[in-house]
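Atoms within each ligand, like the ligands themselves, are counted from 1 in listed order.
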Amino acid sequence: MSNRILVTGGLGFIGSHTVVELQNEGFEVVIVDNLSNADEGVMEGITAITGRLPVFEKFDLRDKDKVEAFFSKYDDINGVIHFAASKAVGESVENPLLYYENNLGVLTYILQELVKKGSAHFIFSSSCTVYGQADSMPITENAPVKPAESPYGNTKQVGEEIIKDVCKVTPQLSAIALRYFNPIGAHPSVEIGELPIGVPQNLVPYITQTGVGLREQLSVFGDDYPTPDGTCIRDYIHVVDVAKAHVAALKRLIEDKNENNYEVFNLGTGKGSSVLEVIHSFERVSGKKLNYRIAQRRSGDVVQAFADTKKANEILGWKAQSTLDDAIQSAWDWEKKIRDYQEVSI
Ligand code: UFG
């Protein structure tokens, strides 16, 4: 059986870290990326870490003919990890059709190719956003899926449904949806990391950019939530742990260890951290005071979300290893490197 894995969006943040872990485990990776939110220089970072250059095919998966041609050219693909998608909540509200086309149209094209194959293994990037504000913490995979707050969130819910429906009638296809909580950090080698375009919407890149002086001040969106310090709680997980979970999920399918041909797992640490705790972690690892102020709540934010990790730990045989400080340290080291930031010691 071939060892060749297609990683769509493999030059993006989570994709590139997953390519590294796949190559470290001996898989042959083919990356497809349209570079809409990624940099080709990431190829060098991946090669520096693993000593191997992955194959890279640059095209847009919205081109159905190209998707078909790709699967004809690489007819021995044994697994697909599908990261390629748009992921900005606000942008999805402004431009819903872009999200439905990128995140769902493309998904159907890939599944159409996979159902033609004798056997296929598929890993899907889902999100804890499918739970909305869950009724109890920690959140298990059995928690109800709540109405989506945005077209982006809707694409993750509907994406899961599409895969489930296709698996039902396609026994030779097996799939796992991984519901990410909040992936952060960078590879400890600082060869690859997050490269947000423009002003970051997410907390950790905003903090590290403020740390190097690229942003003046972080706004903490609300301190009057019903949490111990009044700020929202999330489950921040090191991106390398997230990447390793993809390899564990893929192996589960390839080795035929899955119980059903469609399964879902949470990817989190199980520990919730407030916005202020993340800021304090940054201050601890960087030795710097962060310039921040308390601002209005951001619309659409849930109060808290952290994972019950039992299913992933016991069934997938995977557990997050890094602490919040480890992850923030790596994010900070990466930010300093890409900005060529020199520490000033007095
Ligand atoms: N936050 C701030 N200031 C900022 C940015 C964020 O206070 O400048 C706060 C947010 O209000 C939230 C927390 O930091 O309480 C985390 O915010 P992020 O934007 O980093 O992460 P979210 O949990 O809001 O978003 C993540 C993913 C989305 C996904 C969403 C819901 O990035 O793709 O979870 O699952 F839709």
Under 3.5 Å side-chain donor-acceptor pair for D325 and T323: no

Closest protein heavy atom to [atom], given as residue, atom name and distance to 0.1 Å:
atom                    : value
atom 11 (O) of ligand 1 : D301 OD2, 2.5 Å
atom 20 (O) of ligand 1 : L203 N, 2.8 Å
atom 19 (O) of ligand 1 : R298 NH2, 2.9 Å
atom 9 (C) of ligand 1  : V275 CG2, 3.8 Å
atom 12 (C) of ligand 1 : R234 NH2, 3.9 Å
atom 3 (N) of ligand 1  : S219 O, 2.7 Å
atom 36 (F) of ligand 1 : Y152 CE2, 3.0 Å
atom 32 (O) of ligand 1 : N202 ND2, 2.9 Å

Just which atoms of ligand 1 are under 4.0 Å from any heavy atom in [X]?
X    : answer
Q201 : 5 (C), 19 (O)
S127 : 35 (O)
L218 : 3 (N), 4 (C), 8 (O)

Assign the ring pair Y99 / Y152 to parallel, tilted or perpendicular, where the plane angle (0 to 90°) is split at 30° and 60°. perpendicular

Quick one: look at N182 and ligand 1, take heavy-atom pairs under 4.0 Å, and tell me if it's side chain, backbone, both or neither. side chain

Just to be sure I read this right, does ligand 1 sit under 4.0 Å from the backbone of V89, its side chain, both, or neither, counting only heavy atoms? side chain

Whether G153 lies under 4.0 Å from ligand 1, heavy atom: no

Is there a heavy atom in Y236 that sits closer than 4.0 Å to ligand 1? yes

So for atom [atom1], which belongs to [X], do other residues, nucleotides or ligands contribute more than 12 heavy atoms lying within a distance under 6.0 Å?
X    : atom1 : value
K257 : NZ    : no
K311 : NZ    : yes
E149 : CD    : no

May I ask you to check whether [X] has an N/O atom sitting below 3.5 Å from an N/O atom of ligand 1?
X    : value
Y206 : no
C232 : no
F221 : yes

With side-chain contact (heavy atoms from CB on, under 4.5 Å) as the test, would you mind laying out the steps for T210 and Y292 before giving the verdict? CA-CA 9 Å; T210 307; Y292 70 89; over 6 Å; no

Please lay out, stage by stage, how R62 and D60 fare under the test salt bridge (charged side-chain N to carboxylate O under 4.0 Å, His left out). CA-CA 5 Å; R62 286 176 294 182; D60 194 315; 2.8 Å; yes

Between H246 and Y180, is the ring centre distance below 6.0 Å? yes

Look at [X] together with [Y] and state whether they make a salt bridge at an N to O cut-off of under 4.0 Å.
X    : Y    : value
K58  : E40  : no
D224 : R297 : yes
R179 : E160 : yes

